[in-house]
Amino acid sequence: MRFVRTKTLATAGVVALSMALAACGGDESGGDGAEVEVEEGDFPEGSQMAEFQEAGEITIGVKFDQPGIGFQQPGEDTPTGFDIEIGEYVAGKLGIEPENIGWRETVSDNREPFLENGTVDLVIASYTINEERRAIVGQAGPYYTTGQQILVREEDAETIDGPDKLSEVSVCSVTGSTSLENVVRDYGAEPAPFDTYSACVRQLQNETVDAVTTDGAILLGYAAQDPDNLEVVGEEFSEEPYGIGYYPNDDTEMCEFLNETIQQSIDDGYWAEGFEATLGQSGIETPDPPEQDPCP
Ligand code: GLU
């Protein structure tokens with residue numbers, strides 16, 4: 001699966017985003033994907049949105065190691081995944097072409113600091129909305145909701161079959177994530193803390209740990225890459241609504257812009273197309289789109 005980059009329309013004020021499926025391992029020419037035109041918004045003077053529009057560029061913090069969500073293929077110049085699709089749509093509303101988006105890798109633990117210190121303008125990185133985070137940064141959305149699950153080696157799928165087992169086995173999760181917090185607080189687990197889920201998955205593959213826990217949407221992406229060896233087990237045991245991080249958290253105009261933009265992407269069909277082309281490839285059915293929280 002590949003995401004085909006944009007074409008610019010001659011008309012100013014419209015950014016055309018095109019998505020296409022190509023044969024696995026094939027080249028960029030395959031596929032006849034949908035194309036969505038995103039009309040540039042009109043923003044109040046002095047707003048952050050007007051500033052981004054004026055600058056013609058934006059820096060977005062995303063994951064680089066989560067297939068289907070935010071994934072940087074070695075040798076490619078831009079990442080792919082559902083978070084990237086959402087980022088391109090938001091940028092389109094600001095009149096920014098995809099090639100003028102700076103994709104910056106964020107890991108779970110540096111998302112708030114990167115927003116606070118201006119390393120990134122927005123975070124779209126499997127970023128669960130919660131009150132602790134909203135006390136520090138703004139989080140618009142959600143644009144998607146998943147839930148926490150467990151990834152194991154196939155031969156362990158019958159024995160490690162739910163979160164109650166996590167206190168008895170060696171489990172890996174990520175510093176600064178709700179995933180790690182949830183299993184410590186609710187299931188007495190003591191996860192080995194790593195910086196990224198891909199590092200956890202390597203630990204699982206080389207048998208240093210017996211389980212990895214985080215959002216199902218993330219784990220299904222890894223399982224799809226190693227289907228003979230890895231399996232996602234059990235039901236979802238938390239709710240993880242993904243939001244778009246912005247700063248400062250009292251920028252209500254920004255929150256409203258992001259919520260409206262998410263809703264437009266749902267209404268014009270881009271959201272579902274983008275989902276199918278990315279997380280859909282990990283075997284996840286396209287869900288009903290979520291409703292956005294009211295802005296503070
Ligand atoms: N969605 C959870 C979180 O934001 C886990 C995934 C992640 O760490 O990115 O903490």
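Order of listing sets the numbers, starting from 1, for every ligand and every atom in it.
- Residue Y187 belongs to a hydrophobic cluster whose other members are I150, V152, I160, L166, V169, V171, V183, V233, F237, with links defined by side-chain heavy atoms closer than 4.5 Å.
- Protein residues with a heavy atom under 4.0 Å from ligand 1 are K63, S108, R111, A125, S126, Y127, T128, R133, S177, T178, S179, Y197, T214, D215, I218, Y242.
- Note on residues 57-95: no pairs pass disulfide (SG to SG under 2.5 Å), not counting sequence neighbours.
- Listed by chain and residue number, K165 satisfy the salt bridge (charged side-chain N to carboxylate O under 4.0 Å, His left out) test with D161 (two or more places apart in sequence, or in another chain).
- Between the side chains of D268 and Y89, a donor-acceptor pair is found at a separation under 3.5 Å.
- Summarising the geometry of P98 relative to V15, their closest heavy-atom pair is CD-CG1, 4.2 Å, with the distance given to 0.1 Å.
- Side chains of D251 and Q48: a donor-acceptor N/O pair is present below 3.5 angstrom, by distance only.
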